[in-house]
Amino acid sequence: MERTHTCGELRQSHTGEQVVLMGWVAKKRDFGVFTFIDLRDREGVTQVVVSEETAAAAHAKAKNIRGEFVIAVKGEVVKRDEGAKNAKLSTGEIEVKVDELLVLNDAAVPPFQLEVAGSENLASEDTRLKYRYLDLRRPALQQNIITRAKAVRAIREYFDGRGFIEIETPILLKSTPEGARDFIVPSRIHTGKFFALPQSPQILKQITMIAGLDRYYQIARCFRDEDLRADRQPEFTQLDMEMSFVNREQVYREIEGMFNHVMRTVGGIELPETWPRMTYAEAMRRYGSDKPDLRFGMELIDLSDDLSDTDFAPFAEIIANGGEINCIVVKGRADYSRKQTDELQEFVKRYGAGALGWIKIGDEITSSLLKALGEEKIKQLIAAAEAETGDAVLIVAGKKSVVAASLGALRQEVARRENLIDRSKYECLIVTEFPMFEHDEETDAYIAAHHPFTSPMDEDLEMFKTAVNDPSEHHLLGNVRAKAYDAVINGYECAGGSIRIHQKEIQALNFKALGLSPEKARERFGFFLDALEYGTPPHGGFAAGIERTCMILCGTENIRDVMAFPKTASAQDLMMDSPGDVDASQLDELGIGVVGE
RNA sequence: GGGGUCGUAGUUCAGUUGGUUAGAACGCCAGCCUGUCACGUUGGAGGUCGCGGGUUCGAGCCCCGUCGGCCCCGCCA
């Protein structure tokens with residue numbers, strides 16, 4: 001018996017045809033003298049009916065069939081009576097009247113129900129992860145995996161069409177102890193030495209530019225041994241690309257072109273041909289985030305000037321120390337209860353905020369700051385925030401970075417709670433002019449904000465040189481902007497990149513800024529510094545997160561929904577139970593011993 | 001490393017102030033059923049209340065510890 005059709009393709013036009021379907025039993029409805037079976041495969045579900053009267057042998061076999069049995073049926077496509085059609089199924093206008101039924105394989109009773117009314121009754125995620133092969137039979141999850149395949153295909157289409165070439169770079173690389181923790185692979189041939197898995201193919205793609213390959217891309221697996229999040233896994237996939245002889249705008253065009261092509265062809269989503277641009281400084285000021293979700297407003301408002309003359313000691317101190325006092329206005333929520341504002345206060349405390357001040361503009365004005373600031377000042381703040389009767393004003397004071405982080409996160413949290421996010425909207429932007437360095441307070445050192453090969457802005461080059469060469473001006477590093485940029489869709493950082501340094505003098509300057517001696521730099525990146533000597537073209541590029549892009553396309557907030565075999569938040573695979581032990585002989589061969597706890 | 005939250009039947013959950021034999025739905029097993037598509041219907045089986053300890057006459061419930069899932073902070077050049 002050969003399959004003639006999938007379970008998703010039969011329509012009324014097939015009426016009368018003899019067909020063979022194969023698939024899994026999604027559901028059986030037994031009526032004694034006949035039995036309905038919902039037969040499922042990747043493409044859909046088709047109802048087949050087995051009658052004792054017309055197919056006694058098949059009907060007898062159907063008696064013993066259970067969910068997830070694998071069966072083949074042969075029979076005629078018949079049009080359903082008007083009242084018996086099922087509008088919920090794409091194949092609901094027909095059914096297959098079975099003549100022959102073959103059990104291709106039986107199945108144990110599944111540990112959880114694949115199809116239940118309402119996805120909120122699904123089995124818990126750890127159960128489903130242990131039996132991932134069953135979870136993956138769920139049409140919703142299969143659609144995500146299929147969407148991902150389409151997205152990757154669309155990416156290849158785009159770059160192939162733009163004259164880029166796909167180049168594979170090694171998975172076994174060398175550890176460069178900067179950035180994320182590496183996954184380490186021991187070498188048997190060189191006992192005691194180790195490879196590292198790529199955190200990204202960054203240096204290698206730059207070397208392809210030095211090699212004159214000009215336009216490179218790769219669907220690259222990346223590995224970072226850091227803690228997980230709802231949108232972060234230890235291994236993930238990036239679209240990695242690099243091009244020579246380009247400026248930032250030319251890279252932006254490729255970011256826009258690629259995402260627009262993928263979102264249009266895979267998701268039917270139209271994004272603007274040219275995306276809005278916003279500097280990092282503006283994004284932080286207006287949204288408290290370098291990846292703002294622009295599907296709603298509720299921008300941050302700076303109240304520092306209005307409070308510069310305050311007697312209230314905590315605020316005065318914060319302003320004196322260069323801090324800020326910002327607020328957001330929640331429309332129509334003057335009715336926030338004490339419990340709710342307490343919850344929001346707990347929320348901002350996670351980000352280091354000391355407290356959450358509030359003003360509720362109801363029939364009368366109430367505020368946690370009424371005693372501290374006085375009624376007149378409260379009214380001034382309301383005016384400054386342009387809040388209206390019925391609104392709530394939420395205020396955070398503190399260090400600039402803490403105010404941005406906590407209020408930026410609060411803005412997102414309130415939008416979620418208040419249902420301010422239009423899920424049918426897709427708001428994208430390119431954030432530009434990221435800072436070149438971040439200041440690490442613990443070590444009082446400056447570390448690369450993007451990576452150590454990022455080019456400074458031309459406008460800031462002199463300041464950069466001064467900061468590096470004059471120890472008394474070292475703090476200026478914090479002001480140097482880079483030719484670095486991110487692509488943001490709906491509050492997700494979907495891609496990031498930069499124009500790279502192609503002159504060895506500036507690269508040396510950058511290593512010095514980062515506190516890397518020439519010897520250390522040579523030790524870590526010697527091969528790359530050598531390469532820079534031999535005619536490096538100006539170049540730049542970006543890397544896009546495949547999973548995050550697919551999360552947006554699939555409308556999920558969980559990265560595990562767009563990966564076939566994901567790991568748990570504690571970086572384990574519950575299906576294969578990895579990571580696991582290895583034989584002592586394997587360790588011996590590698591010259592490795594495990595130090596007990 | 002830290003915080004929050006959850007853990008009771010195969011699954012999703014309920015379980016009162018600590019008090020008799022821990023319940024429901026779905027699933028499973030056996031029967032009946034000529035048009036279902038969340039089929040209906042009759043009956044049945046199924047529990048180490050995550051694990052360990054403690055308090056108590058008595059613990060699913062209280063306390064301590066521990067393990068695991070999820071979310072967040074730190075971390076993620």
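Basis for what follows: all heavy atoms, side chains included, without hydrogens, waters or symmetry-related copies. Below, chain A is the first sequence line, B the second, and so on; all start at residue 1. Just so you know, these numbers come straight off a predicted model, no measurement behind them.
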Could you report the tightest heavy-atom contact between [X] and [Y], atom names first, then the distance?
X	Y	result
A/I501	A/P452	CD1-O, 4.2 Å
A/E547	A/V562	O-CG2, 3.7 Å
A/K61	A/L101	NZ-O, 2.8 Å

[X] [atom1] - [N] [atom2] separation (whole Å):
X	N	atom1	atom2	answer
A/Q412	B/C73	CD	P	12 Å
A/L574	B/G68	CG	P	11 Å
A/E95	B/U36	CD	C1'	9 Å
A/E68	B/U11	CD	P	16 Å
A/R416	B/C72	CZ	C1'	10 Å
A/E226	B/C76	CD	P	6 Å
A/I65	B/C29	CD1	P	13 Å
A/L410	B/C72	CG	P	16 Å

Using a distance-only criterion (donor-acceptor N/O pair, under 3.5 Å, no hydrogens), is the base of [N] paired with the side chain of [X]?
X	N	answer
A/Q113	B/U12	no
A/D81	B/G35	no
A/R229	B/G74	yes

[atom1]-based separation of [M] from [N] [nearest Å]:
N	M	atom1	answer
B/G65	B/U21	P	32 Å
B/C26	B/G40	P	7 Å
B/C29	B/U16	C1'	34 Å
B/C63	B/G23	P	25 Å
B/G44	B/C6	C1'	33 Å
B/G46	B/C28	C1'	9 Å
B/A30	B/C71	C1'	45 Å
B/A24	B/U8	C1'	13 Å

Residue [X], side-chain atoms from C-beta onward, closest of [options]:
X	options	answer
A/A569	B/C76, B/C71, B/C28	B/C71
A/T127	B/U11, B/C33, B/C73	B/U11
A/R80	B/G10, B/C37, B/C75	B/C37
A/R350	B/U12, B/C72, B/G69	B/C72
A/L129	B/U34, B/C70, B/G10	B/C70

Should [X] be listed as having a side-chain N or O under 4.0 Å from OP1 or OP2 of [N]?
X	N	answer
A/R66	B/C29	yes
A/S124	B/G69	no
A/K27	B/C39	yes
A/R29	B/C39	yes

Does the structure show A/F112 stacking with B/U11, if we require the centres to be closer than 5.5 Å and the planes to be within less than 30 degrees of parallel?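 Check failed, A/F112 does not stack on base of B/U11.
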Strand partner of [N], provided both Watson-Crick or wobble distances fall under 3.5 Å:
N	answer
B/A59	none
B/C75	none
B/G7	B/C67
B/G44	B/C28

To the nearest 0.5 Å, tell me how far A/L136 CG sits from A/F565 CZ.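 Between A/L136 CG and A/F565 CZ, I get 5.5 Å after rounding to 0.5 Å.
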What nucleic acid atoms does [X] come within less than 4.0 Å of, heavy atoms only: base, sugar-phosphate, or nothing?
X	value
A/R560	sugar-phosphate
A/R232	base
A/E346	nothing
A/F347	nothing
A/A449	sugar-phosphate
A/Q202	base
A/K28	nothing
A/S200	base
A/E125	sugar-phosphate

Hey, is NZ on A/K28 packed in by over 12 heavy atoms from elsewhere, all under 6.0 Å?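 Correct, the count exceeds 12.
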NZ/A/K291: more than 12 non-hydrogen atoms of other groups inside 6.0 Å: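 Result for NZ/A/K291: open.
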Within the 4.5 Å heavy-atom criterion, are A/D135 and A/F112 side-chain neighbours or not?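 Yes, their side chains come closer than 4.5 Å.
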Starting at the 5' end of RNA chain B and moving along, which residue's nearest nucleotide shows up first, A/Q572 or A/P452?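 Nearest nucleotide further toward 5': that of A/Q572.
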Residue whose nearest RNA chain B nucleotide is more 5′ - A/F34 or A/A230: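 It is A/F34 whose nearest nucleotide is closer to the 5' end.
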Basic-acidic side-chain contact under 4.0 Å: A/E413, A/R416: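 Salt bridge between A/E413 and A/R416, a charged N being under 4.0 Å from a carboxylate O: yes.
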For A/Y131, does the six-membered ring have the charged nitrogen or CZ of A/R137 within the cation-pi criterion, i.e. under 6.0 angstrom from the centroid and within 45° of the normal?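 Not satisfied by the 6.0 Å and 45° rule.
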